[in-house]
Amino acid sequence: MERRRLEAQRQLEIIKRGTVEIIREEELLEKIERSLQDERPLRVKQGFDPSAPDIHLGHTIGLRKLRQFQDLGHQVVLIVGDYTGMVGDPSGRSQTRPQLSHKEVVENAQTYLDQFFKVVDRERTEVHYNGEWFSKMSFEEVMKLAAKYTVARILERDDFSTRYAQGNPISIHELFYPLMQGYDSVAIRADVEIGATEQKFNLLVGRDLQRDYGQESQVAITLPVLVGLDGKMRMSKSLGNYVGIAEEPAEMFGKLMSIPDELIHPYFQLLLPLSPEELSEIEGQLKDPQQNPMKLKKRLAFELVSLYHSQDEAQEAQEAFERVFQKRKLPEEIPVFQLKWDEPTIWIVRLLTLTGLLSSGGEARRMIKSGGIYLNGRRIDDIDLEVPLEGELLLKVGKRRFLKVVKG
RNA sequence: GGGGAGGUUCCCGAGCGGUCAAAGGGAGCAGACUGUAAAUCUGCCGGCGCAGCCUUCGGAGGUUCGAAUCCUCCCCUCCCCA
C-alpha cells in the first residue's frame, strides 16, 4: 500500500518534468495509484491533425512525454483526426483551414506514423481514426453534443475571439472543432491528454464532455511551445522555421546552427533527455563570456542529429558543416546535373534556370547583380556571360547551394 | 430582409482615371560584417535574352484614347438593425 503510494509519487515526479501545467495534479496522482492497484495502464491520448503530417522538433516535446508514459508502463492512444481534419484546428490560426480529402488523410497518416514511431513505442500504442465514431453519429447525436457547450464559452478562446475582434470570418463548423476533439476523449475513455499550451482549451473541453457523458474526466497536461529557428514565432512548417525529424542529417545540423543564441538553452532543455545538472552546466557555459556559444550549438546539433539518425551521421554532418561554412571549402558531395544542350556555350541565366537552381530568369539576373552566383569558384558579374560547356561546371548559388553540371 | 463598409502583388496595408508592376511595413533572398547567431548597413523582391514588351489589383462584362481606380451584374467577407 505504502509502496504503491511511493511508486505513484515517483511516476508523478517524472511526468511533471518539463510540463507547464497539470490539470489537476491530485487527480493524476490518484489515477496513477489506481492504475497500479488494478494493473491497468493509463490511456494517454494524443491527437494528430492530418493536414500537417510532418513531425518537427516542436512536436517532439509532446512525443517524448508520451514515451515517458510508456516507459512507466502506460498506453498511448493516438487519434488520427480524419474527421477533425475536415474541420481544421483553429488553434493559433487566423484563417480557416482548407479541408482535406479522405485519400490525403490516409496518406498523411502513414507519413505521420512512420515519424511518430521514431520516438514513441509502437508496441504500446493504439491507433484510431476519429471517423470510427463520428461517421456513425446521427444528426440527433450531433445536436446533443452541440448543446453541451455555449457560443460564449467557445468564443472565449483566444484565437476565436481575436479573429472575431478583427472582423475575420469564422465558419460555424469551426466551432465544432473543440467539441469533436473533446468527444474523442469520451470515445476512447482517455485518462490523460497531453498537448501544447495552445491546446489547453481543447483539452479542457474533453474534461467537461467526459463528465457530461458520465465518465471520469481526463487529466490535461500542457507542454511548452517550441520557438522556431527565427527565434520569434512558434515552430511550424507553414512559417518555414522548423526542423523536421525526418530531415537529412546535414540539413538538420545546418538548420540548428542557424538558431539565435537565446534558443540554445531552451532547445537543450526541451529537446534532449538531459539531467538538471547537465542543463545547469550548459547554462553556466552560456553565461561565460570566455566561451563561444557556437561550441554549444554544435553540441546541440550533434546530439539531435544523433538522436534522430545516428552518431556516425552526426559526426559526418558536423564535419561537412565545418568544411563548407567555417573553412569555406566545397562540400564532399555535390549533386550532379545532366544538362541536355547542343550548343558549345550556354547563357548563364539559362543555365541557372535549366538546372532548377533558380526559378526564373529574372531571379537569376537579380542574383547575379547582387553577387550571389559563383561559377567554378569565381563570382560572376556579367549577365550576358556565355559559359563554354566543357567538362564539369561548378555552380554555387548563395552560401549553401552547390551543383555540378555535366553535359549529358 | 433593411442599412453601411470592404475584397490590392507571400502577409498586413496605401492607392481611387494617365506619372502604377502599384507607397510603406513584415516575411523572404543576396551582399558586407560574423560564430551560416543576433543586431546593423546595402541591394533585390510578377514574367520575358529585360533601355522594351507581356500578365496582375475578387469574377464577368461595359464606359474611355487610357481603368486597381468610373458603371452594370455576379461571388465572397465584416459591421449595425430585424
* Asked: Is the distance from OP1 or OP2 of B:G35 to the nearest side-chain N or O of A:Q326 less than 4.0 Å?
  ->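 Result: no.
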* To do: Establish, with yes or no, whether the OP1 or OP2 oxygen of B:U36 is under 4.0 angstrom from a side-chain nitrogen or oxygen of A:K255.
  =>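 No, outside the criterion.
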* Asked: Any donor-acceptor pair under 3.5 Å joining the side chain of A:R323 to the base of B:U36?
  ->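 Absent.
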Could you work out which one of [options] sits closest to the side chain of [X]?
X      : options             : result
A:F325 : B:U77, B:A38, B:U36 : B:U36
A:D261 : B:G31, B:G35, B:A30 : B:G35
A:P169 : B:U36, B:A38, B:C78 : B:C78
A:K232 : B:A27, B:C78, B:A37 : B:A27
A:S370 : B:A30, B:A38, B:G35 : B:A30

* To do: Specify the residue among A:I264 and A:I373 whose closest nucleotide of RNA chain B lies further upstream toward the 5′ end.
  =>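 In this pair, the answer is A:I373.
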* To do: By nearest nucleotide on RNA chain B, pick out whichever of A:M257 and A:M367 is the more 5' one.
  =>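 The residue mapped nearer the 5' terminus is A:M367.
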Count the heavy atoms of every other residue, nucleotide or ligand shown that sit under 6.0 Å from [atom1] of [X], and state whether that count exceeds 12.
X      : atom1 : value
A:D342 : CG    : no
A:R24  : CZ    : no
A:E140 : CD    : no

* Integer-rounded Å distance: B:G43 C1' and A:I368 CD1 ->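 One finds 15 Å between C1' of B:G43 and CD1 of A:I368, rounded.
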* **Euclidean distance, atom CG of residue A:N241 to atom C1' of B:G26 [Å, nearest integer]** =>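 Rounding to the nearest Å, CG of A:N241 and C1' of B:G26 are 15 Å apart.
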* **Side-chain donor or acceptor of A:N130 paired with backbone N/O of A:D184 under 3.5 Å** =>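 Here the side-chain-to-backbone pair does not exist.
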If [N] has a Watson-Crick or G-U wobble mate with both distances under 3.5 Å, name it; if not, just say none.
N     : value
B:G52 : B:C48
B:A14 : none
B:A30 : B:U42
B:A67 : none
B:C78 : B:G4

* Asked: Are A:Y164 and A:F160 near enough that their ring centres are under 6.0 Å apart?
  ->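 Ring-ring flag for A:Y164/A:F160: false, centres at least 6.0 Å apart.
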* To do: Select base, sugar-phosphate, or nothing to describe what A:R379 touches, counting heavy atoms under 4.0 Å on all strands.
  =>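 A:R379: backbone/sugar contact only, no base atoms under 4.0 Å.
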* A:F116 side, atom CZ; A:D121 side, atom CG - distance, nearest 0.5 Å ->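 These two atoms lie 10.5 Å from each other.
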Determine, for [Y] and [X], whether the Lys NZ or Arg CZ falls below 6.0 Å from the six-membered ring centre while staying within 45 degrees of the axis.
X      : Y      : answer
A:K148 : A:Y183 : no
A:K144 : A:F139 : no
A:R299 : A:F302 : no

* N-O pairing of A:R207 and A:E193 below 4.0 Å ->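 No, this pair does not count.
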Please tabulate, one pair per line, each protein N/O and nucleotide N/O from nucleotides 79-81 of chain B that are separated by under 3.5 Å, including the distance.
none

Atom pairs under 3.5 Å, N or O on each side, protein against nucleotides 47-50 of chain B: can you list them with distances?
{"unit_1": "B:G47", "atom_1": "OP1", "unit_2": "A:S360", "atom_2": "OG", "d": "2.8"}
{"unit_1": "B:G47", "atom_1": "OP2", "unit_2": "A:R366", "atom_2": "NH2", "d": "2.7"}
{"unit_1": "B:C48", "atom_1": "OP1", "unit_2": "A:G361", "atom_2": "N", "d": "2.9"}
{"unit_1": "B:C48", "atom_1": "OP2", "unit_2": "A:G361", "atom_2": "N", "d": "3.1"}
{"unit_1": "B:C48", "atom_1": "OP2", "unit_2": "A:G362", "atom_2": "N", "d": "2.8"}
{"unit_1": "B:G49", "atom_1": "OP1", "unit_2": "A:R350", "atom_2": "NH2", "d": "3.2"}
{"unit_1": "B:G49", "atom_1": "N1", "unit_2": "A:E386", "atom_2": "OE2", "d": "3.2"}
{"unit_1": "B:G49", "atom_1": "N2", "unit_2": "A:W347", "atom_2": "NE1", "d": "3.3"}
{"unit_1": "B:C50", "atom_1": "N3", "unit_2": "A:R365", "atom_2": "NE", "d": "3.0"}
{"unit_1": "B:C50", "atom_1": "N4", "unit_2": "A:G362", "atom_2": "N", "d": "3.4"}
{"unit_1": "B:C50", "atom_1": "N4", "unit_2": "A:R365", "atom_2": "NE", "d": "3.3"}

